[in-house]
Amino acid sequence: MSRVITSPVKRWPGTVTLADPLTFPQYIAWMDAVEAAQGDKETLTVSDAAFLPRVTAAILPGICACIEAHDLKGLPPILVVETFPATPRIASGRLIAWLIGEINLLMQEAEDLPNE
């Protein structure tokens, strides 16, 4: 069963459908992307102009792997790293932060044991 979430980003209103539960390839893609983003944080300094875009680009494969479909106005029909918007920077950052938060919630819920 998939999870449909509604975008809070005014620039790109609409919905995103996340896989729920995640498949092994999706889970691995997410974990690999998180690890790659953390690795970039360690090699770049915050003062480095390339810091944020590179860390963001590292997490995008994991985000895209978890998206089954979307209906975000103004974006290409299929979101992959090559088509994901980098600008405008504030709206893009909000979109990415929101998706990271939603995927993290999905991951956390998957780890919770049901009450017996």
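What you see below is based on every heavy atom in this structure, not just the backbone, and it leaves out hydrogens, waters and symmetry mates.
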Visitor: With sequence neighbours left out, what residues match Glu102 under side chain to side chain contact (heavy atoms under 4.5 Å, CB included)?
Guide: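 In terms of side chain to side chain contact (heavy atoms under 4.5 Å, CB included), with neighbours along the sequence ignored, Glu102 is linked to Ile5, Leu18, Trp98, Leu105.
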
Visitor: Apply side chain to side chain contact (heavy atoms under 4.5 Å, CB included) to Asp32 and list each qualifying residue two or more places apart in sequence or on a separate chain.
Guide: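 Testing Asp32 for side chain to side chain contact (heavy atoms under 4.5 Å, CB included), a comparison that skips the adjacent residues, returns Ile28.
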
Visitor: Just to verify, what does Arg3 make a salt bridge (Lys or Arg N to Asp or Glu O under 4.0 Å) with, not counting sequence neighbours?
Guide: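 If we apply the salt bridge (Lys or Arg N to Asp or Glu O under 4.0 Å) test to Arg3, skipping adjacent residues, the hits are Asp20, Glu109.
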
Visitor: With sequence neighbours excluded, give me every side chain to side chain donor-acceptor pair (under 3.5 Å) pair touching residues 61-73.
Guide: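 Pairs touching residues 61-73 that pass the test: Ser2-Glu68.
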
Visitor: Show me the donor-acceptor pairs within less than 3.5 Å that the side chains of residues 76-86 make with the rest of the protein, sequence neighbours left out.
Guide:
from  : atom 1 : to    : atom 2 : distance (Å)
Thr83 : OG1    : Ile78 : O      : 3.0
Thr83 : OG1    : Val80 : N      : 3.0
Thr83 : OG1    : Val80 : O      : 3.3

Visitor: Identify the two heavy atoms, one from Trp30 and one from Cys66, that lie closest to each other, and give their separation to 0.1 Å.
Guide: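 Of all heavy-atom pairs spanning Trp30 and Cys66, the closest is CB-SG, 4.3 Å.
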
Visitor: Which heavy atom of Ala58 sits nearest to which heavy atom of Ala33, and what is that distance?
Guide: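 Heavy atoms only, the tightest pair is O-CB, 3.5 Å.
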
Visitor: Run the side chain to side chain contact (heavy atoms under 4.5 Å, CB included) check on Ile63 and Leu60 step by step: do they pass?
Guide: CA-CA 5 Å; Ile63 291 172; Leu60 283 178; 4.2 Å; yes

Visitor: Sequence neighbours excluded, which residues qualify as side chain to side chain donor-acceptor pair (under 3.5 Å) partners of Thr15?
Guide: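 Checked Thr15 against side chain to side chain donor-acceptor pair (under 3.5 Å); zero matches.
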
Visitor: Could you check if a side-chain atom of Val16 sits within less than 4.5 angstrom of a side-chain atom of Val4, using non-hydrogen atoms only?
Guide: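 Counting from C-beta outward, Val16 and Val4 never come under 4.5 Å.
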
Visitor: For Thr23, enumerate each residue passing the side chain to side chain contact (heavy atoms under 4.5 Å, CB included) test, keeping only those at least two apart in sequence or located in another chain.
Guide: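 Partners of Thr23 under the side chain to side chain contact (heavy atoms under 4.5 Å, CB included) test: Pro25, Gln26.
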
Visitor: Going by side-chain heavy atoms closer than 4.5 Å, which hydrophobic residues are tied to Phe24, directly or by a chain of links?
Guide: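 Once heavy-atom contacts under 4.5 Å are chained together, Phe24 still belongs with nothing else.
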
Visitor: CD1 of Ile90 to NZ of Lys10: how many Å apart, nearest 0.5 Å?
Guide: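 Ile90 atom CD1 to Lys10 atom NZ measures 13.0 Å (nearest 0.5 Å).
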
Visitor: Please list, chain by chain and in numerical order, all residues satisfying side chain to side chain contact (heavy atoms under 4.5 Å, CB included) with Val9, sequence neighbours excluded.
Guide: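 Expected list: Ser7, Arg11, Trp12, Ala91, Arg94, Leu95.
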
